[in-house]
Amino acid sequence: MEDLMSKIISLAKRRGFVFPSSEIYGGFGSCYDYGPLGVEMKNNIKRSWWKEMTQLQENIVGLDAAILMNPKVWQASGHLTAGFADELVECKKCHHRFRKDFLEKDKCPDCGGQLTESRKFNLMMKTFIGALEDEAAVTYLRAETCQGIYVNFLNVLNSSRSKIPFGIAQVGKAFRNEITPGNFIYRTREFEQMEMQWFCHPKEADKFFEYWKETRMKWYLNLGIKKENLRFREVAKEELAHYAKRAVDIEYKFPFGWKEIEGIHNRGDWDLSNHSKNSGQKLEYLDEETKEKYYPYIIETSAGADRSFLTFLINAYQEVKGGRTKTTKAVKESEILLEIHKDLAPVKAAVLPLVKNKPELVKRAKEVYELLKTNFVCQYDEVDSIGRRYRRQDEIGTLFAITIDFETLEKKDVTLRDRDTMKQERIKIDDLVGIINQKLNA
Ligand code: GAP
C-alpha cells in the first residue's frame, strides 16, 4: 500500500498537481506547492465546501479574517499555554525529534538510540510584526482559522441580523510547528482549513452535533468517496483538545492507515466565555423573545482542504490493467484513470483535433476551444496520436474529450467522449456548451 503513495506523489508531480516547495533548493520541511492542475482542483474543493456550507444553508454566513491577530487572542484561546502542545522526545544519538504519541517503541525509530524524557512543545508559529524584533512585537500565525470567527462574533451578529441558531464559515490558511509532519500533504506545517462554527443554545448542542456530523459525512460521500473507506471515530476523553467537550473525527482509510480528515467538535462556551473574560467585551447572545442572555455553545466542523485533496486524489486513482484506450497497436501495460467527481475535476473538457497537420482541422478545433473556454476550464492538445491524448486526459481526470475530425468540417459536429464510460457521441457544435452544462449539472 505504501507503493500507492509513491505512485500518487509521482503522478502529482509529473502532471502538475503538487510539487515539493522550494525544490531547486532541496525542498523545505514538508511544505508543498499546488501546480496548475492542483490549484484548479483545490479551488474546486473549497468552492464545493463553500457552496454546501453557505449558499445552500439559510443561516450560515461567510467570513475572511486576517491570519495575523492580536496575540491576546491566543492567550485567551488557550493556544499559548499547555493546551496546544505535543509531547516531544529527542534521540540522544542522532538528535532527531519525534512526537511521543506517534512512537510505537521507546527507542529512536531512525537509529535505535535512547530517547530523552518527553517535554511539552508548543505548536504556535511565532513571528514578528513591525521593524523591531523585540518581544513587544511578537505575534503568531493562526493555528486554527476559527479564532477569527469568535472574535468577530458580535460584528457578524450585529451586521447580519442573524438569530441563534446560526453559523459562520471560513476557509483559510493555518500554521502549526508540527514535530512530525509527513505522509505527503497529509500533515504539513502550513495548511488550509475549511471551518464552520455553529452557534446554538446549550440545550440544543447535542442535537446539532449529530446533525452536523451526519451532514459533513454526506459531503464526502456525495463527492464520490467510497463508503467503506470512511468512518466516524469518537475521540476519547483523554485525547480531547483543550477546548472540546466532545469530538468525533471523520476518518479515511489512507494507504498509511485510518486517519482523521475532519473533526466535529462541541466546544461548549470555551471560546466565547474566555474571549469575554480577556477582552472585557461580553460575547453573549440576548434572545429577544425569552429575554434570556447566555453564551451560545459552539458546534464546529473543521475540515482540511489539503487532507481532502489527498483523500479525493487517492479515492480517484485507478490503474487499468491492459489499458482502456485500445487505439494503438502497442502492447499496453496499464493506464492511469483519475475518476474524480465532476465538480472537482481540474479540467472539464479537452479539445483535440484528430491530426495537427491539417490547417482547416486545427482552425476549427481552436474555434471550438475558444467557444468552450469561456464556460469551462479546458485544454487544447494537438500533440501525439489521439489515443495517447485520451490517455493523458484520463490520467488527470478530464471529464470530456472533444475530437474535431473531417466530418466536423462538413457537418459542424464533433465527437464527445465521456471519461468514465468511454462512450462517444456526435454533437452539433452549436449544442456543445448546453450539453456539457447539462452533464455537469446532472
Ligand atoms: N479548529 C479546530 C481544529 O483546528 P483540528 O482537529 O486540530 O481542529 C482540524 O484540525 C482539521 O484541520 C483536521 O481534521 C485536518 O483536516 C486539518 N489539519 C490539522 N492539522 C493539520 C496539519 N498539520 N496538516 C494538514 N492538515 C491539518
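Whatever order the structure lists them in is the order used to number ligands and atoms, beginning at 1.
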Under 4.0 Å from a heavy atom of E300: give me the atoms of ligand 1 that qualify, with their elements. 1 (N), 2 (C)
So the atoms of ligand 1 within less than 4.0 Å of a heavy atom of C146 turn out to be 1 (N)
Is R14 atom CZ crowded by more than 12 heavy atoms from other residues, nucleotides or ligands, each under 6.0 Å away? yes
Considering only the protein, which heavy-atom contact is closest to atom 9 (C) of ligand 1, and what is its distance? S302 OG, 2.9 Å
side-chain hydrogen bond (donor to acceptor under 3.5 Å, both in side chains), that's the test. Do E23 and Y25 meet it? Break it down for me. CA-CA 5 Å; E23 198 182 9; Y25 289 101; over 6 Å; no
Fit a plane to each ring of H79 and H242, take the angle between them on a 0 to 90° scale, and name the class: parallel (under 30°), tilted (30 to 60°) or perpendicular (over 60°). perpendicular
Among R97, R189, R99, the one residue meeting salt bridge (charged side-chain N to carboxylate O under 4.0 Å, His left out) with E178: R99
Do ligand 1 and R187 have nitrogen or oxygen atoms that lie under 3.5 Å from each other? no
Checking side-chain hydrogen bond (donor to acceptor under 3.5 Å, both in side chains) against E192, which of K42, K173, R307 comes through? K42
Within 45° of the axis and under 6.0 Å from the centre of the six-membered ring of F232, does NZ or CZ of K213 qualify? yes
Near R267, which atoms of ligand 1 are under 4.0 Å from a heavy atom of that residue? 1 (N), 2 (C)
For Y186, the ligand 1 atoms with a heavy-atom partner under 4.0 Å come out as 24 (N), 25 (C), 26 (N)
Give yes if a backbone or side-chain nitrogen or oxygen of I261 is under 3.5 Å from a nitrogen or oxygen of ligand 1, and no if not. yes
Do you know which two heavy atoms are closest between L68 and Y140, and how far apart they sit? CD2-O, 3.8 Å
Among all protein heavy atoms, pick the one closest to atom 12 (O) of ligand 1 and tell me residue, atom and distance. Q193 NE2, 3.2 Å
For atom 4 (O) of ligand 1, state which one of K259, M194, R176 supplies the nearest heavy atom. R176
Please determine whether any non-hydrogen atom of H265 lies less than 4.0 Å from an atom of ligand 1. yes
Taking atom 24 (N) of ligand 1 as the reference point, the nearest protein heavy atom with its distance: T188 N, 3.0 Å
In terms of atom number and element, which parts of ligand 1 are under 4.0 angstrom from non-hydrogen atoms of E262? 14 (O)
Which part of D306 is near ligand 1, with near meaning a heavy atom under 4.0 Å away: side chain, backbone, both or neither? neither
Minimum distance, heavy atoms only, to atom 14 (O) of ligand 1: which one of R189, R307, Q197, E260 is it? E260
Quick one: sort the Y285 and Y294 rings into parallel, tilted or perpendicular, breaks at 30° and 60°. perpendicular
Does R176 qualify as a cation-pi partner of F191, given the criterion of NZ or CZ under 6.0 Å from the six-membered ring centre and within 45 degrees of its axis? no
Relative to the heavy atoms of G304, which atoms of ligand 1 are at a distance of less than 4.0 Å? 16 (O), 17 (C)
Distance under 4.0 Å to a non-hydrogen atom of E195: what atoms of ligand 1 satisfy this? 1 (N), 2 (C), 3 (C), 4 (O)
Honestly, for E178 the part within reach of ligand 1 (heavy atoms, under 4.0 Å) is side chain
Measure up the H275 and Y150 rings against each other and bin them: parallel (under 30°), tilted (30 to 60°), perpendicular (over 60°). tilted
Nearest-neighbour protein heavy atom for atom 18 (N) of ligand 1, which is reported as residue plus atom name and distance: F191 CE1, 3.6 Å
Relative to ligand 1, is Y243 under 4.0 angstrom through side chain, backbone, both or neither, heavy atoms considered? side chain
Could you tell me if Q379 and Q393 have a donor-acceptor pair between their side chains, going purely by distance under 3.5 Å? yes
For Y186 and E260 the tightest heavy-atom approach is OH-O, 2.8 Å
In ligand 1, which numbered atoms sit nearer than 4.0 Å to a non-hydrogen atom of E144? 1 (N), 2 (C), 3 (C), 4 (O)
